[in-house]
Amino acid sequence: MKRVFIAIVGLLVCVSGSGIAEINQSRIAWWRDARFGMFIHWGLYAIPAGEWKGRQIPGIGEWIMNRAKIPVTEYEQLAKDFNPVDFDAERWVRTAKAAGQKYMVITAKHHDGFAMFHSKVSKYNVYDATPFHRDPIAELAAACKRNGMPLGFYYSQTQDWHERDGNGNTWDFDPAKANFDKYLHEKAIPQVRELLKNYGPVALIWFDTPRIITEAESKELADVVHELQPNCLVDGRIGNDKGDYRSTGDNEIPVKVMDYDWETPVTTNDTWGFKKNDTNWKSSQTLIRQLVDVASKNGNYLLNVGPTAKGVIPEPAIERLQQVGAWLKTNGDSVYATKPTPYPYEFNWGSVTAKDNRLYLGVVEWPKSASFELYGLSNRVRKASVLGQKNSKLKFTQSKADGHDALRIEIPATAPDPNVSVIQLDLDGTPNVSQQLTQQPDGSVTLNCALGKLPSATKVKVSNRGITSNWFDTSETVAWDFELYRPGTYEVLARTAPQRSAGGWDSSLWEQGNELEVGVGSKKAASVLKNDGMIADPRNPLTPDIKSKLGTVSLQPGAQHLTVTAIKIGNERKLGVRLREIELVPATQ
Ligand code: FHN
């Protein structure tokens, strides 16, 4: 029973990002500056590549054993066919280097229990059980050493579908009879010791899906790592707040700056381990925009590749990595060793990073007008330029209208870079920015739930992505204070989140019947939510919302207080209100 409870807590921890052990500043300094790493999911699952006995198995490739409920005795046979003759560690490291990635993390053992290194603890490993008879982890460690590339190991500490005492294989073994302590002490910890003793300096161990692991066990594991290699980092998915940094959910980018060290693992297509039919590759533009956005929120971007059974990183992934690398070559200063945005909110035009006396404006929506405007910066700007363009000097003016700082920069008519154009601002000191939520130069006001105030007794939760959940009561509210500069009539829009289906974010998986009311002072707008169109975030287009028009309000300039309530809550999908943002947009007359 205790293990079941821990499993639920473990899952939540994994999804929302776990807590953190006391931060060891010197251990983590390099990682903070790195911002961008390569994740590699490689194992026996690359052979079936998503297909088992002629059947396409839905879901992520490395989960095929679980999803198709393949018995251990059958899955084991794959080892006999594992012969990745085209594996070239040097080439992988050079690919990562050229992409601008500053560390690599490879699956030393995933949930299928197969060790991709020469383990003395279990014969179920790549050296002893395959015709390949080589140790790819040793070869990769040597190549990383030659190229000055920090290397980390993924190790599935809780799930092990090969072992009756590991967690997760319910089709071969009876979970009630599993002795997790035995598995942990006779396989997981001994193998982690091997990884730390036999492959030189290990940059980090990337544990995953903590599930049933207890606090004492997570601590024991972290202690083993630090005792053998004091400089080795441990990720947050070790469980129970014992990591050196936190991990978000997979492919999840938070809505605001996190005041702790965090990393998001991201797929290049929809799978981690190679799947021959997964061609849903993210564009290099999306990858670049996500990377910049993650850096702007104080995070690291760990981008995955899933090599084939022959040991080759798929070509579409290579192409995208090259394009990200080319962008970073020019714009890397705005990513590496940066501080997060000093602004408390996101901009609909892009993302901001900072370094010393500089601000980098990563513009993804290049203005159609001849100027770019920014509010709330109280430093004197010494110079504005396009990053990477030698001698580029942009003209600008700074003013203080209606008590707020406004910077107007004259810009070229077309975006210097179709992915992200970076405007560099050299300031008279470290960035000093108003923390007030305000109207933006285009007249819009964006109010994300992660920046709103909820009553102290609320049952509503707000996710990292700024989406409400558990909102089933009409007495619940979210409220914001903001500054408005221009009088006028504003259209009130609600952005709510649908659910994800296997094919992506699906507007049919959405709660019908919710009626929201927005009050700004004495002005009100209310409507049953209609689907007025899907709307994507230009920084991260993969998580679109549904936009609903609630009506209009006429407002005068000054301090505003806006409250949103649900007058009626639909019950069709039992989702409650999944609100991300309220937006005010100047109404067109
Ligand atoms: O179950 C794993 C999955 O296979 C993959 O390794 C990802 C990477 O973050 N982690 C787990 C799911 O969150």
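Only this structure's heavy atoms are used, side chains among them; waters, hydrogens and symmetry mates stay out. Ligands are counted one by one from 1 in listed order, and the atoms in each one are counted from 1 as well.
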Show which atoms of ligand 1 fall inside a sub-4.0 Å distance from at least one heavy-atom site of [X].
X	result
P265	9 (O)
W63	1 (O), 2 (C), 3 (C), 4 (O)
H110	3 (C), 4 (O), 5 (C), 6 (O)
W206	9 (O)
H111	1 (O), 2 (C)

Relative to [atom], which among [options] owns the nearest non-hydrogen atom?
atom	options	value
atom 7 (C) of ligand 1	D250, T271, N304	D250
atom 8 (C) of ligand 1	Y154, W272, Y45	W272
atom 3 (C) of ligand 1	Q159, H41, E62	E62

Salt bridge check, [Y] against [X]: does any charged N sit closer than 4.0 Å to a carboxylate O?
X	Y	answer
E163	K182	no
R32	D261	yes
D293	R289	no
D244	R27	yes

_Face-on cation placement of R246 at Y260 ring, 6.0 Å and 45° thresholds_ = yes

*Tell me, please, whether Y154 has K109 positioned over its six-membered ring: NZ or CZ under 6.0 Å from the ring centre and within 45 degrees of its axis?*
no

_Test of understanding: given a 4.0 Å heavy-atom threshold, classify the contact between R237 and ligand 1 as side chain, backbone, both, or neither._
side chain

*Does the N or O separation between T209 and ligand 1 drop below 3.5 Å for any pair?*
no

_So, taking the atom named OH in Y155 and the one named CD1 in I189, what distance separates them when rounded to the nearest 0.5 Å?_
9.5 Å

